[in-house]
Amino acid sequence: MLIADAVLETIDVADFALWPVAALPPYGFLALSGRMSMPEVGTAMAILTDYNSGDSDDDHGLEDDRPASDPAERVRRLITTDHPIARGGVRLRDTGTGVTVNPGCCCGLEDWHEWFGIPNGDLPWLGHDPSPRIEPAGQAGHAIRLWPDGGDADEAPSTDPIELALADLPGMLGTVRDELRGFLSLVEQWAGRYVPSLGGELTARIEAALAPPDSCGPPGRRDQGAAHPRGVRP
């Protein structure tokens, strides 16, 4: 069985104290969904605000690189970022073979809409190291292969690829879409607890950056998400 997730690359949150977070190791991946706990949502928000608030060690052009002194300041910097970056992407796992294709370095979940262009021959870039890649499969072009690594010309793949029929792609992307909608619902609830004065702006900003189209066809405007499911795990 193939499982698709929208994931964020985790960061070191051992010393993070602005709001509760789940103790996840850095350089892994956190799957976004409506089934996340509030601490897990807190970790996702720490990740999103890390790169887009000036608190990260990365040089990404933000004017204010002072550490944020409170939750509202850190979240406000994310809200006012022109083009929020969400390091991560779409992860695909084959439970039958055990092969997982993770997004590589510099891949961003904000660009996951590019997967909708695959039926038209537009293959999304999956990032640098370990250099995952997508290629057409089959003479008729009715499938794609996803390699977890070995995208550089001088590197051989370490394992077999995942093969995905294009007929199954809309359902897979629909799953990712639904999981992101569930996550956005939890962001709204999280904001009500920790940054209530910024809740509406925060939810709208993340939705504008990550929200999928209403259908599994070609993507439309990013701010046309449907209503989000409710429910939260304590």
Side-chain angles (χ1 to χ4, degrees), residues 5-24 26-34 36-90 103 105-114 127 176-177 179-212 219 221-225 228 232:
D5 301 297
V7 299
L8 294 176
E9 182 181 347
T10 56
I11 61 173
D12 187 355
V13 294
D15 297 323
F16 189 86
L18 291 179
W19 54 73
V21 294
L24 301 176
Y27 310 115
F29 292 96
L30 172 63
L32 306 182
S33 76
M36 300 169 71
S37 67
M38 277 293 110
E40 288 172 335
V41 177
T43 297
M45 295 309 306
I47 295 168
L48 290 171
T49 57
D50 177 70
Y51 197 83
N52 297 287
S53 74
D55 285 1
S56 171
D57 292 333
D58 296 296
D59 180 11
H60 40 81
L62 293 178
E63 295 181 1
D64 189 352
D65 59 0
R66 297 176 297 104
S69 60
D70 58 65
E73 180 181 359
R74 183 161 168 138
V75 168
R76 189 176 294 108
R77 292 181 186 180
L78 169 61
I79 292 171
T80 57
T81 299
D82 289 337
H83 302 288
I85 293 173
R87 288 180 291 190
V90 174
C105 178
C106 298
C107 190
L109 183 57
E110 72 277 5
D111 295 325
W112 84 275
H113 303 80
E114 295 176 358
V176 176
R177 172 201 62 196
E179 299 288 32
L180 279 173
R181 286 177 174 166
F183 169 67
L184 288 168
S185 175
L186 297 186
V187 168
E188 184 178 5
Q189 296 179 45
W190 177 91
R193 295 187 187 185
Y194 300 107
V195 285
S197 64
L198 300 174
E201 293 177 89
L202 174 63
T203 304
R205 193 72 193 92
I206 296 178
E207 184 170 15
L210 301 182
R221 290 180 53 188
R222 294 187 178 185
D223 59 353
Q224 292 181 339
H228 309 316
V232 56

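Computed from a predicted structure; not experimentally measured.
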side-chain contact (heavy atoms from CB on, under 4.5 Å) against C106, all qualifying residues, sequence neighbours excluded: W125, H128
Nearest 0.5 Å please: distance from the NE2 atom of H83 over to the CG atom of N52. 11.5 Å
Considering residues at least two apart in sequence or located in another chain, which fulfil the side-chain contact (heavy atoms from CB on, under 4.5 Å) criterion with P20? Y194
Report the distance from atom CG of D50 to atom OG1 of T10, rounding to the nearest 0.5 Å. 11.0 Å
Enter the distance from Q189:CD to L184:CG here, rounded to the nearest 0.5 Å. 11.5 Å
Testing the basics here: between E201 and S197, what is the closest heavy-atom pair and its distance to 0.1 Å? OE2-O, 4.4 Å
All side-chain contact (heavy atoms from CB on, under 4.5 Å) counterparts of A6, not counting sequence neighbours: L109, V176, L180
E110 side chain vs A86 backbone, donor-acceptor pair below 3.5 Å: yes
Nearest heavy atoms of A46 and I11, plus distance in Å: O-CD1, 3.8 Å
Taking side-chain contact (heavy atoms from CB on, under 4.5 Å) as the test, write out the residues that go with F29, two or more places apart. V7, E9, R91, N102, P103
Taking T81's backbone N and O only, do any of them form a donor-acceptor pair with R205's side chain (distance below 3.5 Å, no angle check)? yes
With a 3.5 Å distance limit and no angle check, can you tell me whether E40 reaches the backbone of M36 through a side-chain donor-acceptor pair? no
dist L24:CG -> D12:CG (nearest 0.5 Å) comes out at 11.0 Å
V21 pairs by side-chain contact (heavy atoms from CB on, under 4.5 Å) with which of V41, V13, I47? V13
Could you go step by step and tell me if M45 and I206 meet the side-chain contact (heavy atoms from CB on, under 4.5 Å) rule? CA-CA 10 Å; M45 295 309 306; I206 296 178; 3.8 Å; yes
Euclidean distance, F183 CZ relative to L210 CG, rounded to 0.5 Å: 7.0 Å
Roughly how far apart are M38 CE and W19 CH2, rounded to 0.5 Å? 13.0 Å
Has the side chain of D5 got a donor or acceptor atom that lies under 3.5 Å from a matching backbone atom of L32? no
Would you say T49's side chain and L78's backbone share a donor-acceptor pair under 3.5 angstrom? no
Is it the case that the side chain of W112 and the backbone of V90 share a donor-acceptor pair, with hydrogens and angles ignored and the cut-off at 3.5 Å? no
Report the C-alpha distance between L8 and Y51 in whole Å, list the side-chain angles of each, state the deciding distance to 0.1 Å, and finish with yes or no for side-chain contact (heavy atoms from CB on, under 4.5 Å). CA-CA 12 Å; L8 294 176; Y51 197 83; over 6 Å; no
Return yes if some donor-acceptor pair links the side-chain N/O of S185 with the main-chain N/O of R181 below 3.5 Å, else return no. no
